[in-house]
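For reference, the structure discussed in these notes is given below.
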Amino acid sequence: MWDVIVVGARCSGSSTAMLLARAGHRVLVVDRATFPSDVVSTHFLWPHGASYLNRWGLLDDVLAVTPSHTSIEMVTDGIPLSGTVPLPLLERYFDELHGDDHGVVQTYTSVRRRVLDQILIDAADAAGAEVRTGFTVDELLFDDEQRVIGVRGHGRDGETVEEHARIVVGADGRNSFVARTLDLPKFDERPRCTFAYWSYYEGTPVEHARLHRRGRLAMASVPTNFGQTMNLVYGPSEWAAAFRRDIAGNFAKAVDFISPEIGAELRSAQRVERFYGTLDQSAYLRPLSGPGWVLVGDAESFKDQCTAMGMTHAFRDAELVSAALCSWLGGDQPLEIALKEYEARRRSQSAAAYYDYVCTLAEMRPPRHEELRMFLALRDNQAETDRFLATHGDVAPLSDFFEASNLFLLDGGMRESSSRDYPIFDDFEATSRMYRRNPFIEP
C-alpha cells in the first residue's frame, strides 16, 4: 500500500511526488512516456516559477544548462516596456500563498521540457519516490463506496500490475485519464483562445525574453537550451486554419508584421527543428478533489499559453497539494479539511480574476486606445512598469494594479506622455480596422 500514487510525471506530477517523498511518505509516480522527452509547452518560467525550483534545490541544476536573465521586454504596437518583477512582491506572493518566502529569486528562464522534466524525475527518484516511466494506467480501482483506491496498468512488457494507495493524484495534463475516468465535468470553459506555432533557431543571440504584439498577432523570442532561441507566433484561433495552409510562409509573414527587426534576425539565422503547433487552448476548470483523488496542474485547470504561466502554476499547485496531503498523512487534520484548504488557495478570488484576465487576453482583440495610452504612461515610470509586469505574471493581484486610485495616477501620466513617436496613434481607427482582417487569407 502506497501513501500516494501520482499519475503523470512531468511538472506537476514529479514535483508533487518529490515533495511528498521528501516528507517521508511512500509515493509511486507513473507516466506512460519515457524520458527525456519534449511535450507541447512554452517552457518559460516566470521568477516565481524559478523560485519554486530554488526552494526545492533544483534551480542550479536547471541554470547549469539553461540561459537565464532578470528582465523581460514587452513591446506593444511599438511601445516598449522593460523591467522585472519586484522582489518585495515576490516575497509577499510566497508569504501569502505558502506561509514563507525562502528561496525567492528574480530569475527568468526558458528550459526545454526534455531537460526540465528529467531533472524533476531524477529529484523525485532521489527523494525516495518510486518512478515508473513507460507505464500506462488502464483503470482506476474503486472500493464498494466508489472511493478511488489505486490503479491498474501495464509497463512496456505488457504485464498487468495493480497498485493500491490511500489517495491518487491526477497530474496527467489536459487530457487527464484520471479526470476522464471519473467523468469529471469541465466548467467555466473559454473557447476563444489562441493558436500557436514555434520552432528553434541558431544564430540569433538573444539575452532576455522578448514579447512583442501588434494588433491580433504576437510573438515570443526567448533564449533556451543548446545555444538556441525559441521563437513562437500566436494569434486568434479563428485564424488558425488559414495560417496552417503555409506554416513556414505565414510564420515569417507574421513575424515581419509584428516585429520587422526580429523578422530580419530570423532570415539570417538557421532554423534547426521543424515547426510545432497547437490549435486548441480553450481554458477550463475541473473539480479539484473527491473520494480518494485530487487533481493538480493542467488536469484540474488549463489556461491559454499567452502569458506562458503553465509550468509556474504547475509548481505552485505541486507545493500547495503536497502541503495539504502532508498535513493529512501526518495526522494534523482530516483529509477533507486539508483538501478544502487546497481548494481555497487554488480557487481564491485573486486566482479567479487572473483566470479571467488570461482568457480575455487570449481573445487577441486589437489593443484599445486607452490600453496603448497606459503603456505610454508606464514607459516613463519604471516602478509602475515593474508592478504591471508582476500583475501580468500573476505575482501581484490584478485588483492592486487596476484599482481606481492607481489608474487615476496613471491617467495623469497618460496626458503627459507623447504619442508622436508611435504611428499607431496617427489614424488609430483605420489601423484597428486593418488589424481585424485575417492577414493569412489572400485578398
When you measure from the side chain of [X] to the backbone N and O of [Y], does any donor-acceptor pair fall under 3.5 Å?
{"X": "Arg22", "Y": "Trp56", "answer": "yes"}
{"X": "Ser176", "Y": "Asp172", "answer": "no"}
{"X": "His313", "Y": "Asp298", "answer": "no"}
{"X": "Asp280", "Y": "Ser282", "answer": "yes"}
{"X": "Asp31", "Y": "Gly8", "answer": "no"}
{"X": "Arg286", "Y": "Phe187", "answer": "no"}

Considering residues at least two apart in sequence or located in another chain, which fulfil the salt bridge (Lys or Arg N to Asp or Glu O under 4.0 Å) criterion with [X]?
{"X": "Glu189", "value": "none"}
{"X": "Glu73", "value": "none"}
{"X": "Glu163", "value": "Arg132"}
{"X": "Asp100", "value": "Arg55"}

>> For Arg152 and Val161: C-alpha separation, side-chain torsions, deciding distance, then whether side-chain contact (heavy atoms from CB on, under 4.5 Å) applies.
In response: CA-CA 6 Å; Arg152 180 181 293 119; Val161 177; over 6 Å; no
>> Do Arg365 and Tyr435 form a cation-pi contact, if we require the NZ or CZ to be under 6.0 Å from the six-membered ring centre and within 45 degrees of the ring's axis?
In response: no
> Is it the case that Arg166 places NZ or CZ above or below the six-membered ring of Trp2, under 6.0 angstrom from the centre and within 45 degrees of the axis?
Replying inline: no
> Is there a side-chain hydrogen bond (donor to acceptor under 3.5 Å, both in side chains) between Thr133 and Thr34 once you walk through the steps?
Replying inline: CA-CA 5 Å; Thr133 59; Thr34 56; over 6 Å; no
> Counting only heavy atoms not in Arg244, do more than 12 sit closer than 6.0 Å to its CZ atom?
Replying inline: no
Work out which heavy atom in [X] is nearest to a heavy atom in [Y]; give both atom names and the distance.
{"X": "Leu389", "Y": "Gly83", "value": "CD1-C, 3.4 Å"}
{"X": "Ala123", "Y": "Met18", "value": "CB-SD, 3.6 Å"}
{"X": "Glu265", "Y": "Ser268", "value": "O-OG, 2.9 Å"}
{"X": "Tyr354", "Y": "Thr391", "value": "CE1-O, 3.6 Å"}

Consider only side-chain N and O atoms of [X] and [Y], and report whether a donor and an acceptor are under 3.5 Å apart.
{"X": "Arg245", "Y": "Asn250", "answer": "no"}
{"X": "Thr107", "Y": "Ser68", "answer": "no"}
{"X": "Thr136", "Y": "Arg32", "answer": "no"}
{"X": "Gln305", "Y": "Thr194", "answer": "yes"}

Between [X] and [Y], is there a side-chain N and carboxylate O pair less than 4.0 Å apart?
{"X": "Arg190", "Y": "Asp304", "answer": "no"}
{"X": "Asp38", "Y": "Arg114", "answer": "yes"}
{"X": "Glu300", "Y": "Arg174", "answer": "no"}
{"X": "Glu145", "Y": "Arg147", "answer": "no"}
{"X": "Arg368", "Y": "Glu371", "answer": "yes"}

> Hey, what do you get for OG (Ser289) to CG (Leu184), rounding to the nearest 0.5 Å?
Replying inline: 10.0 Å
Side-chain donor/acceptor pairs under 3.5 Å, residues 87-99, sequence neighbours excluded:
residue : atom : partner : partner atom : Å
Arg92   : NH2  : Asp400  : OD2          : 2.9
Tyr93   : OH   : Tyr52   : OH           : 3.2
His98   : NE2  : Tyr52   : OH           : 2.6

> Is the gap between the ring centers of Phe315 and His48 under 6.0 Å?
Replying inline: no
For [X], which residues count as a ring pair (Phe, Tyr, Trp, His ring centres under 6.0 Å) partner, sequence neighbours excluded?
{"X": "Phe35", "answer": "none"}
{"X": "Tyr108", "answer": "Trp46, His69"}
{"X": "Phe226", "answer": "none"}

>> Val40 vs Trp198, test: side-chain contact (heavy atoms from CB on, under 4.5 Å). Steps then yes/no.
In response: CA-CA 10 Å; Val40 172; Trp198 68 96; 3.7 Å; yes
> Could you walk me through whether Glu363 and Arg216 pass the salt bridge (Lys or Arg N to Asp or Glu O under 4.0 Å) check?
Replying inline: CA-CA 9 Å; Glu363 295 177 5; Arg216 303 194 72 191; over 6 Å; no
>> Before you tell me yes or no, could you show the steps for Thr307 and Leu361 under side-chain contact (heavy atoms from CB on, under 4.5 Å), namely the whole-Å CA-CA distance, both residues' side-chain angles and the distance that decides it to 0.1 Å?
In response: CA-CA 8 Å; Thr307 57; Leu361 287 179; 3.8 Å; yes
> Under the salt bridge (Lys or Arg N to Asp or Glu O under 4.0 Å) criterion, do Arg267 and Glu261 qualify, and how do the steps go?
Replying inline: CA-CA 10 Å; Arg267 277 190 292 279; Glu261 295 79 12; over 6 Å; no
Contacts of [X] that satisfy side chain to side chain donor-acceptor pair (under 3.5 Å) - sequence neighbours left out:
{"X": "Thr66", "result": "Asn225"}
{"X": "Ser327", "result": "Gln333"}
{"X": "Tyr355", "result": "none"}

>> Run the side-chain contact (heavy atoms from CB on, under 4.5 Å) test on Leu20 and Asp3 for me, step by step, so that the C-alpha distance in whole Å, both residues' side-chain angles and the decisive distance to 0.1 Å come before the verdict.
In response: CA-CA 9 Å; Leu20 289 167; Asp3 290 324; over 6 Å; no
> Can you find a pair of side-chain heavy atoms, one from Asn231 and one from Met219, that are under 4.5 Å apart?
Replying inline: yes
> Between Leu116 and Met311, is any pair of side-chain heavy atoms under 4.5 Å apart?
Replying inline: yes
Identify every side-chain donor-acceptor pair in residues 9-16 under 3.5 Å, counting partners at least two apart or on other chains, and give the distances.
residue : atom : partner : partner atom : Å
Arg10   : NH1  : Ser37   : O            : 3.2
Arg10   : NH1  : Asp117  : OD2          : 2.6
Arg10   : NH2  : Ser37   : OG           : 2.7
Ser14   : OG   : Ala9    : O            : 2.7
Ser15   : OG   : Cys11   : O            : 2.5
Thr16   : OG1  : Ser12   : O            : 2.6

> According to the interplanar angle, ranging from 0 to 90°, do the rings of Tyr284 and Phe302 count as parallel (below 30°), tilted (30 to 60°) or perpendicular (above 60°)?
Replying inline: parallel
>> In terms of relative ring orientation, are Phe388 and Phe375 parallel, tilted or perpendicular, with 30° and 60° separating the classes?
In response: perpendicular
>> So, applying side chain to side chain contact (heavy atoms under 4.5 Å, CB included) with Val169, which one of Val7, Leu325, Ile5, Leu295 is it?
In response: Leu325
>> Which residue is it: Tyr276, Phe243, Tyr234, Phe275? I am looking for the one with a ring-ring contact (aromatic ring centres under 6.0 Å, His included) to Tyr197.
In response: Phe243
